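Read through the structure below, which is laid out as structure tokens, and then see the notes.
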Amino acid sequence: MTQGRKYKLQPRLIKGFRDIFAETYLARQWMIEQVRSVYEKYGFVPLETPALEYVDNLGKHIQETDSAEEGIFAFRDDDEELIALRYDLTAPLSRVFAQYTELTRPFRRYQLGTVWRDEKPGLGRFREFYQFDIDIVGSNKMSAEAEICSVICECMEKLNIKRGEYLVRVSNRKIVNAMMESCGIDHSDEKGNPTFKCLTTLRAIDKLDRLGMSGVVDLLGKGRKDETGDFTKGAELTSAQIDCIQKYLAVSSENRQKACDELFEIVKDTEVGQEGIDELRQIDNILQVLKIDEERVVFDPTIVRGLNYYTGPVFETVLTTCKNEKGEEVGFGSVFSGGRYDGLIERFTGQKVPATGASIGLDRLLEALKVSGRIKQRKATAQVFVTTMDKNLTAEYHKLAHSLREAGLNTELFMGKGKLNKQLKYADRWDIPVALLLGSNELAEGTVSIKDLYHGREIATEIADREVWRKEQPAQMTVSRENLVVEIKNILEKYGLN
RNA sequence: GCAGCUGUAGCUUAGCUGGUUAAAGCGCCGGAUUGUGGUUCCGGAGAUCGUAGGUUCGAGUCCUACCAGCUGUACCA
């Protein structure tokens with residue numbers, strides 16, 4: 001006691017990591033079920049891989065910096081091998097595909113898993129979070145990207161995000177590269193690595209929706225000061241080059257065919273450009289067959305994405321109307337994104353294997369659904385709560401609870417201490433909809449008293465007099481044992497909890 | 001990483017130009033109510049004022065450093 005607080009162990013949580021309580025867990029579980037049903041509807045099969053991988057297996061495709069460990073949680077094992085927590089599910093997939101050469105192609109798999117990134121957390125951004133991916137390995141057909149767009153749309157709608165509230169934006173890295181070429185920006189040096197100018201330009205374009213055109217122009221030129229006065233160095237392009245890029249960014253995305261036509265004018269002189277346009281046109285053709293119009297999927301040349309390994313079409317999905325309870329617009333960034341990465345498997349096998357896929361950020365999307373009040377969250381799994389007001393009836397309470405469970409009702413039997421008012425308060429706080437009361441009175445009559453706690457909660461605000469409330473018990477009824485299950489189910493049905 | 005701002009009970013905050021026992025609301029626990037949730041009332045627990053130095057007779061208040069958080073920005077395979 002004399003030492004005081006200094007010697008008490010403080011419970012602490014690592015920054016960007018979370019404890020997941022029932023409300024969040026159950027909501028996420030629901031999301032997973034919805035998404036999985038869509039993935040399986042399209043015939044994707046599950047795969048699970050370890051949380052840890054060898055760093056070289058994860059990070060070979062990082063060419064920008066020598067320090068492959070940036071942003072990842074890594075350590076050495078007993079054999080001095082560098083090991084890391086995976087930061088996405090795509091790298092493990094390419095490892096699996098390269099390792100199990102007997103896999104029949106194309107390989108269409110889905111994978112749910114936790115990934116870790118050692119970076120700054122923010123709203124809907126954590127250092128440990130779930131991704132739920134689909135990928136098609138071994139197909140170079142644009143059918144693959146078209147189906148993935150279709151899957152994305154179906155997932156969003158299964159998650160109660162209606163048409164018009166989300167938008168899939170598609171671009172093509174080939175077109176971006178062609179644009180840079182046409183604008184006179186070298187996109188790679190002699191060794192094939194992207195140049196500083198190229199990377200800075202891509203990053204600037206990527207920020208269009210956040211910084212606006214003027215911010216992007218600053219970043220393409222000398223640089224930009226943020227509101228705290230901090231300065232970011234720009235790409236130092238010539239004004240002719242900046243004009244050229246602006247023309248590209250101004251391409252309208254309202255109509256896919258029109259966008260293709262406009263883009264074609266800009267990149268028609270290059271072979272990659274023509275290829276890229278052709279790919280978009282193929283995607284558009286299939287989307288039209290699937291009756292997916294511009295309300296759901298647009299071609300948007302401002303989408304750049306993951307600056308490194310994408311080689312073809314890329315897509316990202318945004319929530320178009322995400323407002324919090326104050327009605328303020330909240331930007332959540334991309335919630336479902338991906339693209340084609342034809343070079344990823346090659347680093348293992350030396351053989352080019354085309355692949356494309358997309359990943360849904362479940363936690364970020366859940367956060368968005370929460371903020372915009374689009375998800376009803378519950379923290380109880382119990383549907384019925386059995387109070388224990390009489391010690392002598394313990395056996396009776398167990399019997400009652402057991403019979404309810406056998407009848408298919410999730411039932412919790414109170415095993416804390418406290419009088420009836422404490423017990424009801426407990427049930428109310430844990431969000432259990434129905435409570436049962438069984439005392440000597442009920443036992444003698446062969447009845448049980450049922451309280452509709454949700455209804456009681458609703459009408460409680462209107463009642464001022466405690467005595468009246470207690471006498472009338474408006475949210476309570478006493479029923480015979482035979483009718484008990486039916487009556488409980490009636491109440492649950494009212495709340496859609498059966 | 002860089003920049004700006006902020007650190008007072010579990011949470012939200014008050015605390016005057018430094019002045020002695022650091023205040024309140026919410027939440028939590030108990031009681032009024034031994035068989036009834038809400039409201040109300042009563043009582044209780046809970047803070048070495050982010051940490052360490054310094055200035056001063058005296059520091060939650062002023063100075064310095066560090067730490068943490070928030071916001072912006074950069075990076076984000």
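Protein chains get the first letters and strands the later ones, always in sequence-line order, with residue 1 at the start of each. Predicted, not measured: the structure shown is a model, and the values here were computed from it.
Pairing for B/C2 goes to B/G72, judged as Watson-Crick or G-U wobble with the two contacts each under 3.5 Å. Of the nucleotides present, B/C28 is the one that pairs with B/G44 by Watson-Crick or G-U wobble criteria, both distances under 3.5 Å. Taking a pair to require two hydrogen-bonding distances under 3.5 Å in either a Watson-Crick or a G-U wobble arrangement, B/A52 pairs with B/U64.
Straight-line distance between the C1' atoms of B/U21 and B/C2: roughly 45 Å, to the nearest whole Å. Atom P of B/C49 sits at a distance of 13 Å from the matching atom of B/A23, rounded to the whole Å. Taking atom P on both nucleotides, B/A14 is separated from B/C75 by 37 Å, rounded to a whole Å. Comparing the C1' positions of B/A24 and B/C67 gives an interatomic distance of 29 Å, to the nearest angstrom. Comparing B/G19 with B/G37, their C1' atoms sit 49 Å apart, to the nearest whole Å. Here, B/U6 and B/G50 have their C1' atoms 11 Å apart, quoted to the whole Å. The C1' atoms of B/C16 and B/G53 are separated by 28 Å, rounded to the nearest whole Å. Look at the P atom in both B/G1 and B/U17: the space between them is 36 Å, to the nearest Å.
When the P atom of B/C2 is taken as reference, atom NZ of A/K225 falls 19 Å away, rounded to whole Å. Following rounding to the nearest Å, A/D206 (CG) and B/C75 (C1') show an atom-to-atom distance of 12 Å. Rounded to whole Å, the distance from CG on A/D118 to P on B/G1 is 11 Å. Atom-to-atom, OH of A/Y87 to P of B/C76 comes out at 13 Å; the value is rounded to the nearest Å. Here the C1' atom of nucleotide B/A3 and the CZ atom of A/F231 are 14 Å apart, to the nearest Å. In this structure, A/E119 places its CD atom 15 Å from C1' of B/U73, rounding to the nearest Å. Atom P of nucleotide B/C2 and atom NZ of A/K120 are separated by 12 Å, given to the nearest angstrom. Between A/R125 atom CZ and B/C70 atom C1' there is a gap of 16 Å when expressed in whole angstrom units.
Between A/T411 and A/L436 the shortest side-chain heavy-atom distance does not fall below 4.5 Å. A/F315 is listed as a side-chain neighbour of A/T356, based on a closest heavy-atom distance under 4.5 Å.
Remark: A/Y25 OH is loosely packed, at most 12 non-hydrogen atoms of other residues, nucleotides or ligands lying under 6.0 Å away. Atom NZ of A/K222 has 12 or fewer neighbouring heavy atoms from other residues, nucleotides or ligands inside a 6.0 Å radius.
Here A/R86 does not reach the OP1 or OP2 of B/A77: none of its side-chain N or O atoms lies under 4.0 Å away. Residue A/R210 places at least one side-chain N or O closer than 4.0 Å to OP1 or OP2 of B/A74. Within the structure, a side-chain polar atom (N or O) of A/R203 is placed less than 4.0 Å from OP1 or OP2 of B/C75. Not one side-chain nitrogen or oxygen of A/K417 sits closer than 4.0 Å to the OP1 or OP2 atom of B/C29. Dashed line: the shortest gap from a side-chain N or O of A/R305 to OP1 or OP2 of B/A77 is not under 4.0 Å.
A stacked arrangement is not assigned to A/Y309 and the six-membered base ring of B/A77, the conditions of a centre distance below 5.5 Å and an interplanar angle below 30° not being jointly met.
Classification of the A/Y39-A/F336 ring pair by plane angle, with boundaries at 30° and 60°, yields perpendicular. Ring-plane geometry between A/Y454 and A/Y495 is classed as perpendicular, the angle between the planes exceeding 60 degrees on a 0 to 90 degree scale with a lower cut at 30.
Judged by distance alone with a 3.5 Å cut-off, no donor-acceptor contact links the side chain of A/R127 to the base of B/C76.
In this structure, the nucleotide among B/C75, B/G69, B/C28 sitting nearest to the side chain of A/R429 is B/C28.
Here the closest heavy-atom approach between residue A/A382 and residue A/P433 is recorded as O-CD, 3.7 Å.
In this structure, A/R18 is positioned above the aromatic face of A/F126, its NZ or CZ under 6.0 Å from the six-membered ring centre and within 45° of the axis.
A/K233 comes within 4.0 angstrom of no nucleic acid atom, judged by non-hydrogen atoms across all strands.
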How would you summarise protein contacts on nucleotides 31-37 of chain B per nucleotide, using B for base, S for sugar-phosphate only and - for none, with heavy-atom distances below 4.0 Å?
S-BSBBB
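Here A/L344 contributes atom CG and A/Y309 contributes atom OH; the two are 6.0 Å apart, rounded to the nearest 0.5 Å.
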